[in-house]
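The first residue of the sequence shown is numbered 1, and numbering continues consecutively from there. All values reported here derive from a predicted model rather than from experimental measurement. Counting starts at 1 for both ligands and their atoms, following the listed order. We use all heavy atoms of the structure for the numbers below, so side chains are in, but hydrogens, waters and symmetry mates are not.
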Amino acid sequence: MKFKAPVTKNEEYEVDIVDLTYQGLGVAKIEDYPLFIEDTLPGEKALIKVIKVNQNFGFAKLEKLLTKSPDRVENVDRNYTRTGIAPLQHLKYDAQLEFKQHQIQELFDKSKMDIEVLPTIGMDNPTHYRNKAQIPVRSINGKLQTGFFRKHSHDLVTIEDFYIQDPEIDKAIVVVRDILRKYHIEPYNETKHSGVIRNIMVRRGHYTNEMMIGLITRTKKIPMVDIIVREIKEALPEVTSIMQNINLSDGNGLLGKSTVCLDGKKYIEDKLLGLKFAISLNSFYQVNPEQTEKLYSLAIEKAQLDGTQTVIDAYCGIGTISLAVAEHAKKVYGVEIVKEAIEDAKINAQKNHINNTTFVTGSAEDQMEKWQAQGLKPDVIMVDPPRKGLASSFIDSAAQVSPKKIVYVSCNPSTLVRDARRLAEYGYEITQPVQPVDQFPQTVHVESVTVFEKK
Ligand SMILES: C[S@@+](CC[C@H](N)C(=O)[O-])C[C@H]1O[C@@H](n2cnc3c(N)ncnc32)[C@H](O)[C@@H]1O
């Protein structure tokens with residue numbers, strides 16, 4: 001018999017909010033049928049209106065809050081919730097940190113693993129921290145606008161203060177937007193796949209204040225490019241690099257294959273844990289420098305190196321962890337899939353006069369297998385994979401080379417727990433409490449460090 005949801009669209013209910021999903025939505029139950037509601041918190045009573053009914057769950061809209069949680073932050077800017085820029089902004093910061101700790105704890109508990117998760121290490125000022133922005137450019141009523149897409153859509157909401165970005169980056173976006181307007185540069189139109197400018201990317205060095213402006217275009221040519229570049233440099237003295245990335249595709253991917261330097265250097269420099277790093281447009285670089293230093297210091301401390309060990313840094317990006325680890329190790333091998341990031345990593349080793357590192361472009365899973373075949377015997381493997389976690393073939397090869405420790409920096413607790421179960425099959429156990437570090441305040445993202453040791 002087909003299940004019939006106990007609610008229908010446009011019905012109103014007075015409900016108790018009983019939970020908060022990992023996406024930051026409040027949960028209410030009508031006869032056990034869950035409804036997800038933006039901008040509501042556990043413990044609150046709310047008048048809601050059903051907006052979508054699926055087979056096993058539905059969505060509702062907050063009409064009126066009837067009682068408020070003591071953890072609620074009042075007077076937030078709804079645009080940050082609507083766009084998903086800051087989906088937890090309505091939750092007090094201490095409660096956000098607890099929410100992140102409990103999320104990891106719950107996933108381990110559900111997986112029947114007896115693991116302790118420590119309180120999340122947070123920030124003193126958990127706003128305006130991002131060192132990078134990727135801002136869509138679109139036309140609204142014939143005018144070039146910058147902002148962010150409304151969640152699950154490509155409707156641009158115009159925004160000037162992005163709340164979680166470095167304010168100097170916000171200012172730079174407005175400056176570039178105004179220059180593009182002045183020279184009538186056509187914004188990208190997704191429906192017609194026409195127009196010139198798709199996105200503005202800005203990166204700013206936290207310690208150096210060097211700034212990169214990236215113009216992501218649909219076309220190879222930018223009309224009036226010379227004068228645009230000149231005006232950007234005049235208006236933004238921090239700019240040391242102006243890049244163009246050409247994305248010819250009609251898909252949603254941000255970057256295209258070809259990147260050209262329009263002015264200055266191909267990369268900006270920043271510092272992390274006292275080391276210098278070159279960061280190019282295509283390379284991954286952690287977006288919250290203050291928290292990254294805490295995260296990496298912890299990871300390195302947990303590796304317990306005394307200068308005699310061989311370390312593999314898998315998913316190494318521009319070599320940030322590898323180079324920070326190098327002074328505590330005999331030899332460090334890094335692997336990363338993005339070619340430009342490995343080029344940066346090699347430059348970074350030279351810049352810091354570090355000569356006990358080797359960097360390889362490739363997939364971590366393939367390279368780990370090669371290292372295994374070559375008989376490489378690392379004492380410690382450090383991993384910092386993307387959200388999808390470790391490939392199972394990576395775990396197989398990593399376990400074969402039998403390091404004493406695996407230090408896992410994770411940005412997704414679900415894949416961390418999945419990988420922990422696989423590693424346990426090879427005798428790798430979590431020997432100390434998991435430590436979450438809040439790299440992304442106001443958002444639902446959760447980062448953590450976990451140590452596995454061979455029993
Ligand atoms: C979370 S980032 C960490 C980078 C670096 N450890 C850091 O903190 O700057 C993950 C990195 O893994 C890379 N990556 C993604 N899939 C990969 C794969 N299969 N093999 C190797 N690297 C991969 C990404 O390009 C990205 O640089």
Side-chain angles (χ1 to χ4, degrees), residues 130-132 134 203 205-206 253-255 257 259 267-273 275-300 302-303 311-326 332-349 352 357-372 380-398 406-416 419 436-437 439-440 443 445-450:
R130 275 188 70 103
N131 59 8
K132 177 184 168 185
Q134 294 166 174
R203 272 191 144 138
H206 179 69
L254 179 77
L255 295 179
K257 290 200 179 89
T259 304
Y267 51 80
I268 58 159
E269 275 189 33
D270 198 17
K271 285 191 185 153
L272 207 57
L273 295 172
L275 297 168
K276 290 184 210 155
F277 289 98
I279 312 149
S280 52
L281 180 118
N282 299 61
S283 297
F284 175 91
Y285 187 65
Q286 296 280 3
V287 294
N288 185 336
E290 186 183 322
Q291 291 298 92
T292 301
E293 292 195 324
K294 294 181 194 165
L295 180 76
Y296 288 176
S297 301
L298 255 168
I300 294 165
K302 284 175 183 290
V311 179
I312 285 179
D313 176 17
Y315 310 86
C316 69
I318 60 170
T320 34
I321 295 179
S322 317
L323 296 172
V325 153
V332 183
Y333 295 86
V335 58
E336 157 66 43
I337 206 156
V338 174
K339 185 169 88 2
E340 291 84 354
I342 287 293
E343 284 163 11
D344 288 350
K346 289 178 180 166
I347 294 172
N348 291 333
N352 294 290
T357 51
T358 298
F359 290 105
V360 187
T361 305
S363 83
E365 46 277 27
D366 290 352
Q367 187 58 38
M368 198 63 233
E369 203 180 324
K370 283 185 197 156
W371 279 327
Q372 182 203 345
V380 177
I381 299 184
M382 308 193 68
V383 294
D384 184 6
R387 289 182 57 74
K388 67 178 181 199
L390 304 174
S392 57
S393 59
F394 177 89
I395 295 181
D396 295 339
S397 317
I406 298 175
V407 180
Y408 193 137
V409 179
S410 157
C411 58
N412 182 351
S414 314
T415 51
L416 166 69
D419 294 343
V437 178
Q439 290 279 96
F440 310 100
T443 80
H445 295 293
V446 187
E447 194 97 10
S448 60
V449 185
T450 306

Contacts satisfying side-chain hydrogen bond (donor to acceptor under 3.5 Å, both in side chains) that involve residues 312-321 (not counting sequence neighbours) are D313-S322
Contacts of Y408 meeting side-chain hydrogen bond (donor to acceptor under 3.5 Å, both in side chains) (sequence neighbours excluded), chain-then-number -> D419
*Test side chain to side chain contact (heavy atoms under 4.5 Å, CB included) on N348 and F359 and set out the steps.*
CA-CA 11 Å; N348 291 333; F359 290 105; over 6 Å; no
* Greater than 12 external heavy atoms within 6.0 Å of K276's NZ -> no
Next on the checklist: Can you confirm whether E269 is buried at CD, in the sense that more than 12 heavy atoms of other residues, nucleotides or ligands lie under 6.0 Å from that atom?
Outcome noted: yes
N131 meets the side chain to side chain contact (heavy atoms under 4.5 Å, CB included) criterion, sequence neighbours left out, with Y285, V287, P289
Contact table, ligand 1 N/O with protein N/O, distance under 3.5 Å:
residue	atom	partner	partner atom	Å
ligand 1	6 (N)	Y315	O	3.1
ligand 1	6 (N)	D384	OD2	2.9
ligand 1	8 (O)	Q286	NE2	3.2
ligand 1	8 (O)	Y296	OH	2.0
ligand 1	8 (O)	D384	OD2	3.0
ligand 1	9 (O)	Y296	OH	3.4
ligand 1	9 (O)	T320	OG1	3.0
ligand 1	19 (N)	E365	OE1	3.3
ligand 1	20 (N)	A364	N	2.8
ligand 1	22 (N)	I337	N	3.2
ligand 1	25 (O)	E336	OE2	2.7
ligand 1	27 (O)	E336	OE1	2.7
ligand 1	27 (O)	E336	OE2	3.3

